[in-house]
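Counting starts at 1 for both ligands and their atoms, following the listed order. Values below: every heavy atom of this structure, side chains too, minus hydrogens, waters and symmetry copies.
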Amino acid sequence: QVETQVASPDGEKAWPKKYPFCGGVFQSPIDFHKDILQYDSNLLPLEFIGYNVSSTDQFTLINNGHSVKMYLLPTMYIRNLPFEYTASQLHLHWGNRNKSEGSEHTVSGKHFAAELHIVHFNSEKYPDVTAAMDKADGLAVLAILLEIGPFNPSYEKIFRHFRNVKYKDQMVRVPGFNIRELLPDRLDEYYRYEGSLTTPPCYPSVLWTVFRHPVKISHEQLLALETAMYCTESDDPEPLEMVDNFRKVQEFHERLVFISFH
Ligand code: BO1
Ligand code: ZN
């Protein structure tokens, strides 16, 4: 008997009871639509330092019961944000095999198939991600929207390991590669706004950069993401499929999203 995940998106209505910030201000994700967008000529392309990781180094990939997460290296960081931000981890959000609309951010009301988040912390002001997580200027997350297209050999460097992390708390080593390969070719066009973690505790601590141009993965790769993993441990008698792990878009009153493109 296989149940589908109940934690999200239906369960998210209950988040504020236990996690007050989830009912608070500056919440993410949001919908990008023309009324709230404002061009900002000061938004430069980001610079990625140390992203080209040698295959002799390794990342740890883990099923944490909510998503599949890969720890990055403290030698990876971003320049051209208000502070220097050091990489912490990346993870994905997705839908299910019948409805491949699992992105968190939407554009003019439209979902993309899935979304990759690369989480960084402000290493100029804070010693580690835990200290930074609840500070207004603590985190910077890069978001990459995913849509169906040709087979993507770079994403496969992560996806090929899914069968080794099917169940909660399983982990596997992934040979190092250039994380820049996961980003779109155009790094100069993006949405920028101040928001929050999209999961509890929903701290309003994230400077979001959502790239305008989606990255393509194949239908087979998307299906693997949508079907490979469970929220439950391997010995759990009631397996829960890990699907629909995206949060609904949040209200965006009195705020603006800055865009680097016309
Ligand atoms: S997200 O990028 O907004 N979806 C997001 C949501 C939650 C977290 C990070 C990013 N949570 C925290 C964990 C911490 C962890 C930290 C950095 O991410 O709650 O335990 O240390 O990896
Ligand atoms: Zn995320």
Write the atom name of the N, O or S atom in His117 that is nearest the Zn ion (ligand 2).
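Checking each N, O and S atom of His117, the shortest distance to the Zn ion (ligand 2) belongs to ND1.
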Would you mind naming the N, O or S atom of His91 nearest to the Zn ion (ligand 2)?
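Among the N, O or S atoms of His91, the one closest to the Zn ion (ligand 2) is NE2.
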Only one of His66, His93, His91, His111 clears ring pair (Phe, Tyr, Trp, His ring centres under 6.0 Å) with Phe246; which?
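Testing each of His66, His93, His91, His111 against Phe246, the sole residue satisfying ring pair (Phe, Tyr, Trp, His ring centres under 6.0 Å) is His111.
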Output the list of atoms in ligand 1 that are nearer than 4.0 Å to some heavy atom of [X], sorted by atom number.
X: Ser88; answer: 17 (C), 22 (O)
X: His93; answer: 4 (N)
X: Gln89; answer: 9 (C), 17 (C), 18 (O), 22 (O)

Could you check whether any heavy atom of His91 sits closer than 4.0 Å to an atom of ligand 1, since that is the contact criterion I want to use?
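Yes; His91 lies near enough to ligand 1 that a heavy-atom distance drops under 4.0 Å.
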Test: Lys110 cationic atom under 6.0 Å from Phe112 six-membered ring centre, within 45° of axis:
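Here Lys110 passes the 6.0 Å and 45° test against Phe112.
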Is the Lys NZ or Arg CZ of Arg255 less than 6.0 Å from the centre of Phe26's six-membered ring, within 45° of the axis?
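Because its charged atom misses either the 6.0 Å distance or the 45° angle limit, Arg255 does not stack over Phe26.
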Could you walk me through whether Asp31 and Thr106 pass the side chain to side chain donor-acceptor pair (under 3.5 Å) test, one step at a time?
CA-CA 5 Å; Asp31 176 53; Thr106 59; 2.7 Å; yes
State whether a side-chain donor-acceptor pair under 3.5 Å links Tyr126 with Asp137.
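Asp137 and Tyr126 do have a side-chain donor-acceptor pair below 3.5 Å.
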Hey, does the side chain of Asn63 reach the backbone of Val165 with a donor-acceptor pair shorter than 3.5 angstrom?
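Checking the backbone N and O of Val165 against the side chain of Asn63, a donor-acceptor pair under 3.5 Å is found.
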If you have a sec, work out which protein heavy atom is nearest [atom] and how many Å separate them, to one decimal?
atom: atom 19 (O) of ligand 1; value: Met133 CE, 3.8 Å
atom: atom 10 (C) of ligand 1; value: Leu197 CD2, 3.6 Å
atom: atom 21 (O) of ligand 1; value: Val129 CG1, 3.6 Å

Does the N or O separation between Thr199 and ligand 1 drop below 3.5 Å for any pair?
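In this structure, Thr199 places no N or O atom under 3.5 Å from an N or O of ligand 1.
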Can you tell which part of Phe246 has a heavy atom less than 4.0 Å from ligand 1: side chain, backbone, both or neither?
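For Phe246, no heavy atom sits under 4.0 Å from ligand 1.
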Side chain, backbone, both or neither: which applies to Thr198 and ligand 1 if a contact is any heavy-atom pair less than 4.0 Å apart?
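Answer for Thr198: both.
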Between Asp40 and Arg192, does at least one N-O distance fall below 4.0 Å, as a salt bridge requires?
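Here Asp40 does not pair with Arg192 in a salt bridge, since their nearest N and O are not under 4.0 Å apart.
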Taking side chain as C-beta onward, heavy atoms only, is Glu189 less than 4.5 Å from Phe211?
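A side-chain contact under 4.5 Å is absent here.
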